[in-house]
Amino acid sequence: MTADQDLTPRSVVEQLFTGLGTPDADAFADVLAPDVVFEIPWTVPGMPERLEGREAVREHLAQRWSNLTRLQVHGVYPEVYETSDPELFFVENEVDMTRPDGVRSRGRTSVNIVRVRDGQIVLFRDYMDTGRLVALVEQ
């Protein structure tokens, strides 16, 4: 996934979330601005609350997603909402996954605030229950 100057801000957001069905830190980072701010307001001990810069996000996600091998993600289904600010989007995500205990389910996993400028994401705020995800992985 690469940023394309001809894409609309909304299509950049949709493309980003659709690509999350196969967690790839490089593909995710490729659409981020070099000076992106990535925030995780509800985190767990040992996980940063704020990352600055594309490469810091890439490194963090590569490490974080490498621990998800016990979860099988079948698809990510974003609901993208536009705001009165043409660069700012609110996104609700559902993920279809099979947990380590073999149970397949589809449920809301996060809400995100995303700002797109010049075809790249400059702000990604991830309101995910990281404690719940850690518990799923540790099953």
Spatial distance of atom CZ (Arg10) from atom CD (Glu87) [nearest 0.5 Å]: 16.0 Å

Would a distance-only check, ignoring hydrogens and angles, find a side-chain to backbone donor-acceptor pair under 3.5 Å from Asn112 to Val114? no

Heavy-atom distance under 4.5 Å between the side chains of Met97 and Val76, does that happen here? no

Under 4.5 Å between side-chain heavy atoms, counting indirect links through other Ile/Leu/Val/Met/Phe/Trp/Tyr residues: same cluster for Trp42 and Ile113 or not? yes

CD (Glu59) with more than 12 external heavy atoms under 6.0 Å: no

Spatial distance of atom CZ (Phe124) from atom CG (Leu16) [nearest 0.5 Å]: 6.0 Å

With heavy-atom distances below 4.5 Å as the criterion, would you say the side chains of Val122 and Val37 are in contact? no

same_hphob_cluster(Val95, Val80) at 4.5 Å side-chain heavy-atom cutoff: yes

Suppose we call two aromatic rings close when their centres sit under 6.0 Å apart. Are Phe90 and Tyr127 close by that rule? no

Which distance, rounded to the nearest 0.5 Å, do you find between the CD of Gln120 and the CG of Leu7? 11.5 Å

Would you compute the distance between atom CG of Leu61 and atom CG of Asp24 and round it to the nearest 0.5 angstrom? 10.0 Å

Decide side chain to side chain contact (heavy atoms under 4.5 Å, CB included) for Val103 and Thr98; before the verdict, give the C-alpha distance in whole Å, the side-chain angles of both, and the deciding distance to 0.1 Å. CA-CA 5 Å; Val103 174; Thr98 300; over 6 Å; no

How about Pro78 and Glu92: do any of their side-chain heavy atoms sit closer than 4.5 Å? no

Yes or no on side chain to side chain contact (heavy atoms under 4.5 Å, CB included) for Tyr81 and Val91, after CA distance, side-chain angles and deciding distance? CA-CA 6 Å; Tyr81 300 94; Val91 184; over 6 Å; no

Could you check whether Arg115 makes a cation-pi contact with Phe89, meaning its NZ or CZ is under 6.0 Å from the centre of the six-membered ring and within 45° of the ring axis? no

Please give me the minimum heavy-atom distance between Ser110 and Asp126, naming the atom from each residue. CB-OD1, 3.6 Å

Step by step, work out the salt bridge (Lys or Arg N to Asp or Glu O under 4.0 Å) result for Asp30 and Arg54. CA-CA 8 Å; Asp30 286 346; Arg54 176 190 300 143; 6.0 Å; no

Would you please name every residue forming a side chain to side chain donor-acceptor pair (under 3.5 Å) with Asp96, sequence neighbours left out? Arg104

Smallest heavy-atom separation, Ala62 atom then Ala25 atom, equals N-CB, 3.4 Å

Answer whether the closest heavy-atom distance between the side chains of Ile121 and Val12 falls below 4.5 Å. yes

Let's go through Asp26 and Arg58 carefully: what are the C-alpha distance in whole Å and the side-chain angles of both, what is the deciding distance for side chain to side chain contact (heavy atoms under 4.5 Å, CB included) to 0.1 Å, and is it a yes or a no? CA-CA 6 Å; Asp26 289 325; Arg58 183 188 316 271; 3.0 Å; yes

Working to the nearest 0.5 Å, report the span between CD of Glu55 and CG of Leu32. 9.5 Å

Heavy atoms, side chains only, cut-off 4.5 Å: are Glu94 and Glu79 in contact? no

Rounded to the nearest 0.5 Å, what separation is found between the CD1 atom of Ile40 and the CZ atom of Phe38? 4.5 Å

